[in-house]
Amino acid sequence: MNNLSTMMREIEGYLSPAILASAQACSRRLLAALPDTHHPENNRVLLAYGGGKDSSYMVAYVRYIQGLIWQQRGSTFQLRISTNRHAAMNDSVMENIDRVYRALHIHHDDFTECLVTDGLQIRPFSRYLPMPEAVRQQNRSDVLMNGHRFRADARSTFCNACNLSMVNSFGLAAHYDGGVDMIITGDSPQEQTAYLAWARHLSRLFNAPVADKSRGFSGFLQTLDGVAQRYFSDVYGVDQVTPAHRITWQLERDPLFFNIYQDTAYEAGAHWTLLTEFMQFRFDELMFSFSESDCGNPTLMAHIRGLRAETLLQRSYAEGVREYARFALGLMQQKDFPPQLISEMAARYQDDAAIARARQRATQFAEQAFGLDETQLVCMIYSPFIAGGRQLKAWLQQLPDAPEEAAVRALLEGNSSHLLLAQQLEQLSGLTIAQMRHCWQSAQVSSLLDNQQQDALSRVLRFDPHKAVIQVNNGVLQDIVTEVISGR
């Protein structure tokens with residue numbers, strides 16, 4: 001069934017004259033760029049859809065272009081839309097996606113298919129499609145192992161593994177069921193060039209092979225597969241890298257890239273009515289989290305900053321959260337968030353009572369999304385097993401009924417097999433004994449403030465974007481110290 005005529009009639013009243021004009025120009029460019037320009041229906045085009053405000057607008061824009069070409073040619077390209085899920089996306093994201101699809105009359109449309117990628121599994125979109133428990137457990141393990149290796153640095157803990165998973169989802173969706181001819185992206189040519197440079201930079205850091213430039217997108221994916229293999233070998237251990245940590249790069253065919261960056265603006269304020277009235281996009285209390293509108297992890301980043309202040313630095317939870325809120329609200333301004341959304345987010349952390357409510361939400365979300373309690377998050381902040389237990393004593397000192405330090409050291413050094421102690425440590429940390437022992441044998445990752453170590457993980461941490469150097473009060477030292485804060 002072709003739903004394009006109904007969609008075109010309903011959407012045009014929500015599009016500004018500038019958007020209508022840009023879409024006309026973009027449709028002409030796209031049609032000329034398709035491999036089979038004379039028969040649009042023979043071309044399959046892939047669009048990634050995260051489920052947030054900007055990507056929802058992008059879906060609407062591309063869907064409208066699909067309709068324009070259909071009006072002009074009596075046929076149009078096949079549109080494949082793919083969403084990569086992870087544990088920090090709750091049901092409200094799927095609800096928003098479903099509302100967007102319904103508004104755009106995408107369901108049951110002959111020219112459009114919608115997919116969901118869960119780890120290595122790719123399936124047709126369904127509003128109530130359950131997330132496989134194996135994916136949730138993999139995400140939990142990734143958060144814990146990255147968190148311990150990077151001492152709970154916000155972006156490294158939550159984003160490194162997730163970013164590589166997102167790249168893999170591109171490979172899966174581009175290869176699925178006959179492949180695609182083109183990938184539409186909102187990235188500028190300069191950003192695309194930067195991604196290629198980033199992939200090559202990571203390959204040098206991890207001494208991974210670089211695929212031939214002539215390989216195109218599959219070569220880009222192959223290069224990052226080598227990076228992912230080495231990255232997770234470092235984080236988990238060589239024998240613990242799973243297929244879920246690899247990146248799909250052997251594609252049915254190499255797609256072309258087409259960017260719409262030059263044709264339209266992404267600021268939500270420029271298309272607020274289209275977003276919130278026509279597509280009925282809703283900003284969920286958890287998924288709208290600082291600079292994200294489809295991921296609850298920034299809420300946990302603020303929570304961990306508060307826990308860090310409360311425990312490791314012996315200050316107050318609220319002080320740490322306010323540090324993160326100031327930093328992340330600045331990111332929202334840099335990303336041109338509408339003022340009303342920035343104000344709404346600031347209100348969630350405006351005073352001690354609001355921060356206490358936010359703490360309760362974050363605690364519940366950490367448990368629901370990752371099965372992690374506050375004790376396990378605090379353990380991650382101390383990272384007590386890294387580098388032969390450098391922070392072990394400090395972590396044990398703040399625990400009620402803490403085990404003996406000597407017994408812990410004997411167990412993790414392999415000189416003991418104390419079953420009850422092993423179970424206690426697994427409960428306190430969320431890690432398995434094998435994972436704790438790998439941490440024990442792993443070096444401390446150094447931050448932006450410590451340039452002494454040149455290992456790959458330390459350099460990844462130092463060159464990661466969206467961070468700032470701040471001055472904070474250290475209650476243990478009774479002094480002002482310099483720290484790095486990162487997040488989203």
Side-chain angles (χ1 to χ4, degrees), residues 3-4 7 11 23 26 30 44-67 77-109 111-119 121-129 131 135 162-163 165-177 180-187 191 217 248 255 257-261 263-264 266 268 271 274-276 278-284 287-288 291-297:
N3 300 328
L4 285 166
M7 184 276 298
I11 195 174
C26 187
L30 177 58
R44 184 179 287 141
V45 173
L46 172 63
L47 178 64
Y49 181 22
K53 61 178 181 58
D54 293 338
S55 60
S56 293
Y57 171 65
M58 192 166 176
V59 169
Y61 190 81
V62 173
R63 176 69 166 160
Y64 182 67
I65 289 171
Q66 188 186 35
F77 58 86
Q78 300 287 331
L79 177 59
R80 172 178 291 175
I81 307 172
S82 179
T83 297
N84 182 49
R85 282 201 298 186
H86 53 81
M89 293 168 64
N90 71 11
D91 184 64
S92 72
V93 178
M94 294 292 279
E95 190 174 11
N96 267 335
I97 291 172
D98 186 61
R99 279 195 291 262
V100 168
Y101 287 165
R102 289 180 183 279
L104 297 172
H105 294 275
I106 283 175
H107 290 312
H108 312 298
D109 184 271
F111 287 109
T112 310
E113 64 175 330
C114 304
L115 304 174
V116 174
T117 302
D118 293 313
Q121 191 174 9
I122 187 163
R123 294 174 287 175
F125 174 87
S126 173
R127 163 69 183 85
Y128 297 104
L129 188 68
M131 179 179 288
V135 172
C162 191
N163 287 341
S165 171
M166 182 179 65
V167 173
N168 179 58
S169 75
F170 266 101
L172 287 171
H175 178 68
Y176 176 78
D177 192 23
V180 299
D181 301 287
M182 178 179 284
I183 296 176
I184 292 184
T185 173
D187 301 320
E191 288 173 317
F217 186 53
T248 302
F257 271 78
F258 181 87
N259 80 76
I260 63 172
Y261 172 83
D263 298 294
T264 188
Y266 289 105
H271 44 262
L274 172 72
L275 184 68
T276 60
F278 179 69
M279 295 192 289
Q280 299 183 51
F281 186 92
R282 298 291 177 262
F283 290 87
D284 178 73
M287 295 300 99
F288 170 41
S291 64
E292 299 295 318
S293 55
D294 55 10
C295 173
N297 280 336

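None of the values given here were measured: they were computed from a predicted structure.
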Donor-acceptor contact present, side-chain [X] to main-chain [Y], <3.5 Å:
X: S293; Y: K53; value: yes
X: Q66; Y: F77; value: yes
X: T117; Y: I122; value: no
X: N96; Y: R282; value: yes
X: R85; Y: M94; value: no

Is any side-chain heavy atom of [X] closer than 4.5 Å to a side-chain heavy atom of [Y]?
X: D98; Y: F125; result: yes
X: I81; Y: R63; result: no
X: L47; Y: M58; result: yes
X: V116; Y: I97; result: no

Kindly assign one of parallel, tilted or perpendicular to the pair Y101 and H107, based on the angle between their ring planes and the thresholds 30° and 60°.
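Answer is perpendicular, since the angle exceeds 60°.
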In terms of relative ring orientation, are F281 and F283 parallel, tilted or perpendicular, with 30° and 60° separating the classes?
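Judged by the thresholds at 30° and 60°, the geometry between F281 and F283 is perpendicular.
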Could you measure the distance from the SG atom of C295 to the CE atom of M89? Nearest 0.5 Å is fine.
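Interatomic distance, C295 SG to M89 CE, rounded to 0.5 Å: 8.0 Å.
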Once side-chain hydrogen bond (donor to acceptor under 3.5 Å, both in side chains) is applied, do any residues pair with D91, and if so which ones, sequence neighbours excluded?
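Result, side-chain hydrogen bond (donor to acceptor under 3.5 Å, both in side chains) vs D91: R127.
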Between the side chains of N259 and T185, does any donor sit under 3.5 Å from an acceptor?
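Checked: N259/T185 side chains show no N/O donor-acceptor pair below 3.5 Å.
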Taking CZ in F288 as the centre, count heavy atoms belonging to other residues, nucleotides or ligands within less than 6.0 Å. Is the count above 12?
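Correct, the count exceeds 12.
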Under the side chain to side chain contact (heavy atoms under 4.5 Å, CB included) test, residues paired with Q78 that sit two or more places apart
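Q78 satisfies side chain to side chain contact (heavy atoms under 4.5 Å, CB included) with R44, F111 only.
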